[in-house]
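The analysis underlying the following values was restricted to heavy atoms, covering all of them including side chains, and did not include hydrogens, waters or symmetry mates.
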Amino acid sequence: QVQLVESGGGLVQAGDSLRLSCAASGRTFSSYNMGWFRQAPGKERAFVAAISWSGTSTWYADSVKGRFTISRDNAKNTVYLEMNSLKHEDTAVYYCNSNPPAWTMRRGDYWGQGTQVTVSS
């Protein structure tokens with residue numbers, strides 16, 4: 001099993017930046033990919049970004065490419081999502097996800113509890 005705890009959400013203005021963190025425990029962190037998904041009110045949960053177990057490969061949804069950066073620190077069992085140039089449409093609950101299949105937008109096996117990001121226009 002994997003336990004995931006997100007942090008770093010909040011209320012920001014359009015154009016601002018925010019960094020989300022997700023701390024993992026349980027299975028060896030450096031052995032699996034990690035991803036971020038988000039769910040806006042009334043919408044399905046959607047892929048945002050993911051990173052390979054080694055941190056050498058990353059992939060993004062088109063809507064965030066060039067604005068968001070995913071990274072990981074395997075020594076700290078933590079994955080990050082740096083979000084720049086935030087837009088109102090980025091408003092959502094952001095979820096950390098373990099072991100998403102490489103180079104896909106499919107979800108993996110475990111979820112965190114989510115952290116709310118609200119971008120005022």
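- Under a 3.5 Å cut-off, the side chain of N97 and the backbone N or O of R107 do not form any donor-acceptor pair.
- Note: the hydrophobic cluster containing Y80 does not contain I70 (ILVMFWY, side chain heavy atoms under 4.5 Å, direct or indirect links).
- Y95 is listed as a side-chain neighbour of V93, based on a closest heavy-atom distance under 4.5 Å.
- Minimum interatomic distance between Q39 and K43 (heavy atoms only, all atoms of both residues): NE2-O, 3.1 Å.
- In this structure, the side chain of T78 engages the main chain of K76 through a donor-acceptor pair within 3.5 Å.
- A donor-acceptor contact shorter than 3.5 Å links the side chain of E6 to the backbone of C96.
- Side chain of T91 to main chain of V119: a donor-acceptor pair is present (N/O by atom type, distance under 3.5 Å, no hydrogens or angles).
- For the pair W103 and S57, the minimum side-chain heavy-atom distance is below 4.5 Å.
- For the pair Y32/V2, a side-chain contact is recorded, criterion being any heavy-atom separation below 4.5 Å from C-beta on.
- By the criterion of side-chain heavy atoms lying less than 4.5 angstrom apart, applied directly or through intervening Ile, Leu, Val, Met, Phe, Trp or Tyr residues, L4 is grouped together with L20 in one hydrophobic cluster.
- Ion pair K87/D90 not flagged as a salt bridge, since none of the NZ, NE, NH1 or NH2 atoms sits closer than 4.0 Å to an Asp/Glu carboxylate oxygen.
- For Q13 and S120, the side-chain atoms include no donor-acceptor pair closer than 3.5 Å.
- Between F68 and E82, the closest side-chain pair of non-hydrogen atoms is not below 4.5 Å.
- Follow the hydrophobic side-chain contacts under 4.5 Å out from Y60 and you never reach F37; the two are in separate clusters.
- Residues W53 and W59 do not share a hydrophobic cluster, defined by chaining ILVMFWY side chains whose heavy atoms lie under 4.5 Å apart.
- Between L81 and T69 the shortest side-chain heavy-atom distance does not fall below 4.5 Å.
- Using a 4.0 Å cut-off between charged nitrogen and carboxylate oxygen, D109 and R27 count as a salt-bridge pair.
- Remark: R72 is positioned above the aromatic ring of F29, its terminal NZ or CZ atom under 6.0 angstrom from the ring centre and at most 45 degrees off the axis.
- The two residues S63 and R38 make their nearest non-hydrogen contact at OG-NH2, 3.5 Å.
- Contact check for L18 versus V117: side-chain heavy atoms found under the 4.5 Å cut-off.
- In summary, the side chains of T28 and S30 do not present any donor paired with an acceptor at a separation below 3.5 Å, with no hydrogens or angles considered.
- The side-chain tip of R106 does not point at the ring of F47 from less than 6.0 angstrom away and within 45° of straight on.
- The line from CD of Q3 to OG of S25 is 4.0 Å long, rounded to the nearest 0.5 Å.
- The shortest side-chain heavy-atom distance between N99 and Y110 does not fall under the 4.5 Å cut-off.
- For the residue pair S121 and A14, the shortest heavy atom distance occurs at CA-CB, 4.3 Å.
- Under the 3.5 Å distance criterion, the side-chain polar atoms of S17 are left unmatched by any main-chain donor or acceptor of N84.
- Hydrophobic clustering places Y94 together with I51 (ILVMFWY residues linked when any side-chain heavy atoms are closer than 4.5 Å, directly or through intermediates).
- Side-chain contact between Q113 and V5: present, with at least one pair of heavy atoms (C-beta onward) separated by less than 4.5 Å.
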